[in-house]
Structures are given as structure tokens and as C-alpha cells.
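When reading the values below, keep in mind they use all heavy atoms of this one structure, side chains included, and skip hydrogens, waters and symmetry mates. As the structure lists them, so they are numbered: ligands from 1, and atoms in each ligand from 1.
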Amino acid sequence: MCGIIGYIGKENSVPYLVSGLKKLEYRGYDSAGIALHTEKGIEVLKATGRVCNLEKAIGEKEFNSCLGIGHTRWATHGDVSQCNAHPHLSYKGTFAVVHNGIIENYAALRDKLKDEGYAFVSDTDTEVAAHLLERDYNGSLISSLINTVKKLEGSFAFAILCKDLPDTLILIKKESPLIIGKSNEGFLVASDMNALSPFAVETVKMADGEIALVKKDSVSFFD
Ligand code: GLU
């Protein structure tokens with residue numbers, strides 16, 4: 001189980017995501033990536049190895065994005081590769097997902113989705129969740145998220161972007177930590193308290209079975 005970071009607020013998300021990922025490095029990991037909500041939709045950058053390789057991939061590119069998620073991966077399902085690094089996109093690109101933990105029933109879910117015609121680009125258990133989110137998405141976000149989560153066995157913390165929601169960072173937690181930190185600039189979320197310092201003036205640990213919708217100036221919780 002490795003690291004999750006997410007930012008929504010008034011500022012450019014990239015420096016917050018990169019600095020958060022660096023604070024998660026001590027946990028060990030094999031690859032890193034970010035997904036940004038921009039005026040072009042959802043943009044994803046990934047690299048194997050250290051966060052500094054991801055920084056090189058970001059390079060001089062300028063992103064206009066106040067909403068993003070990031071991940072340091074410790075592979076449990078699939079080799080260390082750029083394809084297997086997080087974030088993972090759903091098949092139409094509506095959702096970008098980072099995940100800590102293991103989806104125990106991923107093989108059965110993957111076979112079912114493959115039978116239905118869904119194509120996979122990675123070997124991860126996480127991509128199953130990304131495709132299920134898209135398949136279950138019926139315009140009502142919360143009921144779609146609940147429909148997906150009900151199908152998943154195992155432990156998971158997810159940070160999710162939805163292309164249709166440029167103002168919302170989605171969080172889901174079961175048996176894997178997620179903490180929401182608040183400051184005057186917005187919200188920083190992470191799987192580890194270390195990554196929220198010194199940003200957060202207030203923090204909330206999510207409870208098991210909870211979904212949070214984080215906007216730049218508010219959070220709503222659903223059980
Ligand atoms: N099971 C996922 C994978 O292999 C997430 C691993 C992690 O927690 O970093 O990609």
C-alpha cells in the first residue's frame with residue numbers, strides 16, 4: 001500500500017502534488033504519476049522510478065489546473081511499468097483513479113468486464129475499479145460510486161477525478177487511510193499525515209465506508 005495525494009483549491013495543483021509525493025517517498029514505491037483536471041479534460045503523466053523522473057516528465061509544461069491527484073505505487077498486481085503506474089483512466093476517459101490497497105476479487109470482475117467488451121491497458125486491479133466507475137456512471141454521482149464500491153472486495157483508498165466535474169475531488173475509503181487537510185488555499189488530501197504538513201491547519205481522517213466530495217471551499221461526506 002503506497003501513497004495518495006490530491007489537491008483542490010485556488011492555486012496551481014502541480015507543485016502541491018509533487019511536493020506531497022516527495023513527502024510520501026519514505027514509504028518506498030516503484031513509480032509515480034499525476035492526473036490533472038485542465039481546460040483540455042483530464043491529463044495524465046506517469047514515470048517509473050523516483051518522483052524526480054515524474055518531475056522530468058512534467059518538465060517545463062505549464063498546466064492550468066487547480067484540481068489534481070497523484071500516486072506513488074508499490075506494485076501488487078502487474079509489473080513495474082508506465083502502463084501499470086497510477087493514475088488509471090476508465091475506458092472512455094471519464095474517470096482518473098489512484099488507488100492504495102488490493103481489490104481481492106479483481107480477477108472475476110476483470111473477466112466479466114472483458115466478456116462485456118472492455119479493453120484493459122494495464123495488469124492492475126485498480127483499472128477494474130476505473131472501468132466499473134464508468135460502467136456504473138448514470139449521471140447521479142453518489143449512487144454510481146456506491147454501486148461500484150459494493151462490487152469491490154478488499155481494502156482500498158481511492159482519489160478520483162471525473163471529467164464532468166471540474167470542481168470536485170472524489171474520495172472513497174475502506175480499510176486504507178485517507179486524510180483531508182484544509183487551509184486558506186483549499187484542500188490537500190493524502191494517505192499519510194506527513195504529506196499534509198505544513199499545508200493543513202485542520203485535518204479530518206475519513207472513516208471506513210465513507211465517500212467524500214471535496215470542493216475548493218467545502219467537503220461533503222456520505223456513508
Ligand atoms: N494494487 C494496486 C497496484 O498494484 C495499488 C498498489 C499500491 O497500493 O500502491 O497497482
Side-chain angles (χ1 to χ4, degrees), residues 1-6 17-18 20-35 42 44-54 57 68-91 93 95-114 118-134 145 148-149 151-161 169-180 189-196 205-206 208-212:
M1 186 186 304
C2 234
I4 288 178
I5 190 85
L17 298 177
V18 171
L21 290 174
K22 286 185 176 167
K23 289 182 193 146
L24 295 167
E25 283 192 294
Y26 80 97
R27 300 176 64 86
Y29 64 103
D30 54 55
S31 50
I34 57 172
I42 296 177
V44 176
L45 291 119
K46 309 183 194 189
T48 54
R50 306 288 304 271
V51 173
C52 60
N53 297 346
L54 176 66
I69 54 177
H71 191 252
T72 47
R73 176 178 187 236
W74 189 304
T76 62
H77 293 66
D79 293 344
V80 176
S81 69
Q82 200 161 320
C83 278
N84 287 337
H86 300 210
H88 289 284
L89 289 173
S90 59
Y91 68 101
F95 293 94
V97 177
V98 295
H99 164 221
N100 276 359
I102 290 175
I103 299 165
E104 312 271 1
N105 59 337
Y106 92 102
L109 293 169
R110 188 179 161 105
D111 288 348
K112 192 163 184 294
L113 286 164
K114 276 187 170 172
Y118 293 81
F120 283 75
V121 298
S122 83
D123 302 315
T124 62
D125 49 342
T126 308
E127 196 184 359
V128 167
H131 292 329
L132 281 176
L133 282 169
E134 178 104 49
L145 295 173
T148 293
V149 168
K151 297 184 184 87
L152 306 178
E153 291 165 15
S155 63
F156 43 82
F158 292 112
I160 303 166
L161 301 183
L169 171 54
I170 303 160
L171 304 173
I172 305 176
K173 174 207 156 22
K174 186 189 158 209
E175 293 166 19
S176 186
L178 269 181
I179 304 146
I180 302 172
V189 308
S191 51
D192 185 319
M193 196 65 97
N194 284 325
L196 298 179
K205 284 186 187 171
M206 282 181 69
D208 260 354
E210 213 163 42
I211 294 172

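- Between His86 and ligand 1, an N or O atom pair is found at a separation short of 3.5 Å.
- Checking only distances, Thr124 never comes within under 3.5 Å of ligand 1, N or O to N or O.
- By heavy-atom distance, the residue among Tyr106, Trp74, Phe156 lying nearest atom 6 (C) of ligand 1 is Trp74.
- Although no hydrogens or angles enter the test, the distance criterion places no donor-acceptor pair under 3.5 Å between the side chain of Ser31 and the main chain of Thr48.
- Using a 4.0 Å cut-off to heavy atoms of Asn100, the atoms of ligand 1 that qualify are 8 (O).
- For Tyr106, the ring-ring contact (aromatic ring centres under 6.0 Å, His included) partners at least two apart in sequence or on another chain are His77.
- A distance-only check finds no donor-acceptor pair linking the side chain of Glu210 to the backbone of Lys173 [under 3.5 Å].
- Residue Ile102 places no N or O, backbone or side chain, under 3.5 Å from any N or O of ligand 1.
- Ligand 1 lies out of reach of Gly78, whose nearest heavy atom is not under 4.0 Å from it.
- Residues His71 and Lys46 have side chains not in contact (no heavy-atom distance under 4.5 Å, counting atoms from C-beta outward).
- Without hydrogens or angle criteria, His131 side chain to Phe120 main chain gives no donor-acceptor distance under 3.5 Å.
- Each of the atoms 9 (O) of ligand 1 lies under 4.0 Å from some heavy atom of His71.
- Here Phe156 pairs with Phe158 under the ring-ring contact (aromatic ring centres under 6.0 Å, His included) rule; sequence neighbours left out.
- Not a single N or O atom of Ala75, backbone or side chain, sits closer than 3.5 Å to an N or O atom of ligand 1.
- In this pair, Tyr118 and Tyr91 present their aromatic rings perpendicular. The plane angle is above 60°, beyond the 30 to 60° band.
- The atoms of ligand 1 that sit less than 4.0 Å from any heavy atom of Asp125 are 1 (N), 2 (C), 3 (C), 4 (O).
- The ligand atoms of ligand 1 that sit less than 4.0 angstrom from a heavy atom of Cys2 are 7 (C), 8 (O), 9 (O).
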